[in-house]
Protein chains: 2
Amino acid sequence: MKRNELPATPEENSRRMELVRAAARLFRDQGYERTTVRDLGNAVGLQSGSLFYHFRTKEEILVAVMALGITATTEQLASALAGAKDTRSKLATLFRVHLHSLLGDNQAALEVMLYEWRSVSAAAKPGLIVLRDRYEALWQQVLDQAASEGLVKQDTRLLRRTLLGSLHWTVQWYRNDGELSVAQLAERMLALVIQEN
Amino acid sequence: MKRNELPATPEENSRRMELVRAAARLFRDQGYERTTVRDLGNAVGLQSGSLFYHFRTKEEILVAVMALGITATTEQLASALAGAKDTRSKLATLFRVHLHSLLGDNQAALEVMLYEWRSVSAAAKPGLIVLRDRYEALWQQVLDQAASEGLVKQDTRLLRRTLLGSLHWTVQWYRNDGELSVAQLAERMLALVIQEN
DNA sequence: GTCTATATATCGATAGAC
DNA sequence: GTCTATCGATATATAGAC
């Protein structure tokens, strides 16, 4: 039988949350379309049919993964920015938090958000776009402030898009077992855009 | 019946080429997994079964699309670089050719190469990686020369990766009907990395 | 809540006529 | 070379027992 009471926040249903985290890894590693509901069931010790007590459709799981990825990153960034003293260190925080979220061990969810967007139905996109815009607004504020202090170039809207593109792309080539730590990578990427005087 | 003689270059079989171009658009718009062989047949006026006279598998079509996208772009870049006088204009050429190839009307193939990589079998990857490395080598040469002349920062290997990431990401937000032409966008993105003296 | 069992649909690919 | 016809596998989702 089915109950499926709706927009429960992720935290209040641990079974849901466990499923979302497992789905994030599977979707990242295999892709959304190639991951079957049987795969998802196996990953949490359930039969495939049992998943549909918790989610109405497979796509609803995808949307939950993406929402988790972007909201978790936004929260981490907001609280890290609050603790940064000057603009230069706020700038460094943007890079550091983004890369730790994207390349860190438990954050497949954000990667799914970036690379499975096409599998999201038109109905679900607006809600996710709101979450994404909230994240990018944090970036825009810091970049505008940095530009006013001469730390970066003035074209901050385009700068935001190019920087986020650069960071997103790291998942395609960065290796955790390489010679470069995530923190070092963040520092070097920052150095590429800072204006020296 | 099936013949399927092998590595014919794309040009010498126009039916193959027509199919690859149609597949590029479909794979870009719907994704590889969501595009069925029936979709592909419809796009070129064939029954789905007839496709398998030209290609052994659906994946073989994907690989052909990617190979076309990256080799066409590499050729365009190489010939454009040959006509550039100084390093500054070579640098501009990198951005201009890449964006025209990625955002231009007839170049869905390159976008498929960037965003359907996970659907390529392990057996087919090495051949495509060779093609990609050839393209990136052109970038590396120009960036190294530019760094030696003080036009860009010195960390050119990381710079190459961040710039390509920025450019790849444009497909996610650039609109052809917007206020910014592709050439203007290339110019402004270049301006963000040029070192002023 | 999770199970078993299955409905229903659709997929990639093949076989043989023409 | 393209067609018709279809095989066999596998997909998401549902129904009802427990």
Side-chain angles (χ1 to χ4, degrees), chain A residues 1-6 8 10-23 26-27 29-65 112 116 118-124, chain B residues 1-6 8 10-24 26-27 29-66 112 116 118-124:
Chain A
M1 278 299 95
K2 177 129 13 148
R3 207 127 26 105
N4 208 335
E5 36 253 31
L6 294 199
E11 300 85 352
E12 77 186 45
N13 186 333
S14 77
R15 199 69 162 129
R16 255 181 87 100
M17 196 56 172
E18 182 191 359
L19 223 159
V20 169
R21 290 202 179 283
L26 286 169
F27 290 163
D29 294 341
Q30 314 179 349
Y32 170 72
E33 296 285 350
R34 299 174 96 95
T35 301
T36 70
V37 292
R38 288 169 182 81
D39 293 334
L40 294 170
N42 282 341
V44 294
L46 284 182
Q47 293 300 312
S48 64
S50 306
L51 298 177
F52 295 92
Y53 173 84
H54 300 281
F55 294 91
R56 269 182 304 241
T57 65
K58 182 186 166 190
E59 196 221 350
E60 200 172 281
I61 304 179
L62 176 64
V63 173
V65 168
V112 173
E116 295 291 347
R118 195 172 25 204
S119 295
V120 178
S121 70
Chain B
M1 276 300 93
K2 178 135 4 153
R3 207 125 27 104
N4 209 332
E5 37 252 32
L6 293 197
E11 300 85 351
E12 75 184 50
N13 187 331
S14 77
R15 199 68 161 132
R16 256 181 88 101
M17 195 58 172
E18 182 192 357
L19 223 161
V20 169
R21 292 203 179 283
L26 286 169
F27 290 164
D29 295 341
Q30 314 178 349
Y32 170 73
E33 296 286 350
R34 299 173 95 95
T35 300
T36 69
V37 292
R38 287 165 182 80
D39 293 334
L40 293 170
N42 283 340
V44 294
L46 284 182
Q47 294 299 313
S48 66
S50 306
L51 297 177
F52 293 92
Y53 174 83
H54 301 280
F55 293 91
R56 269 182 304 240
T57 65
K58 182 186 167 191
E59 195 221 352
E60 200 172 279
I61 304 179
L62 175 65
V63 173
V65 167
M66 292 184 174
V112 173
E116 295 290 349
R118 195 170 26 201
S119 295
V120 178
S121 70

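Below, read A as the first sequence line, B as the second, and so on, with proteins coming before strands; counting in each chain starts at 1. This is a predicted model, so every value here is computed, not measured.
- When distances run from any side-chain atom of B:K58 to the nucleotides C:dG12, D:dA13, D:dG1, the shortest one goes to C:dG12.
- Contacts of A:E33 classified as side chain to side chain contact (heavy atoms under 4.5 Å, CB included), with partners at least two apart in sequence or in another chain: A:S119, B:E33, B:R34.
- In this structure, the separation between CG on B:L46 and OH on B:Y53 is 12.0 Å, given to the nearest 0.5 Å.
- Backbone-only engagement by B:T36 is indicated by non-hydrogen atom pairs under 4.0 Å involving sugar-phosphate atoms exclusively.
- For the segment residues 38-49 of chain A, the set of residues with a heavy atom within less than 4.0 Å of an atom of DNA chain D comprises A:R38, A:G49, in numerical order.
- Partners of A:E59 according to the salt bridge (Lys or Arg N to Asp or Glu O under 4.0 Å) rule, which considers only residues two or more places apart in sequence or in another chain, do not exist here.
- Every residue was checked against the salt bridge (Lys or Arg N to Asp or Glu O under 4.0 Å) condition with B:R38, not counting sequence neighbours, and none meets it.
- Residue B:Y53 places at least one side-chain N or O under 4.0 Å from the OP1 or OP2 atom of D:dG1.
- Applying the side chain to side chain contact (heavy atoms under 4.5 Å, CB included) rule to B:A24 yields the partners B:V65, B:A108, B:A109; only residues at least two apart in sequence or on another chain are considered.
- Comparing A:S50 and B:R34, the nucleotide of DNA chain C nearest to each residue sits closer to the 5' end for A:S50.
- Under the side-chain hydrogen bond (donor to acceptor under 3.5 Å, both in side chains) criterion, B:D39 pairs with B:T36, sequence neighbours left out.
- Of the listed nucleotides (D:dA13, D:dT2, D:dT12), D:dT2 has the atom at the smallest distance from the side chain of B:R15.
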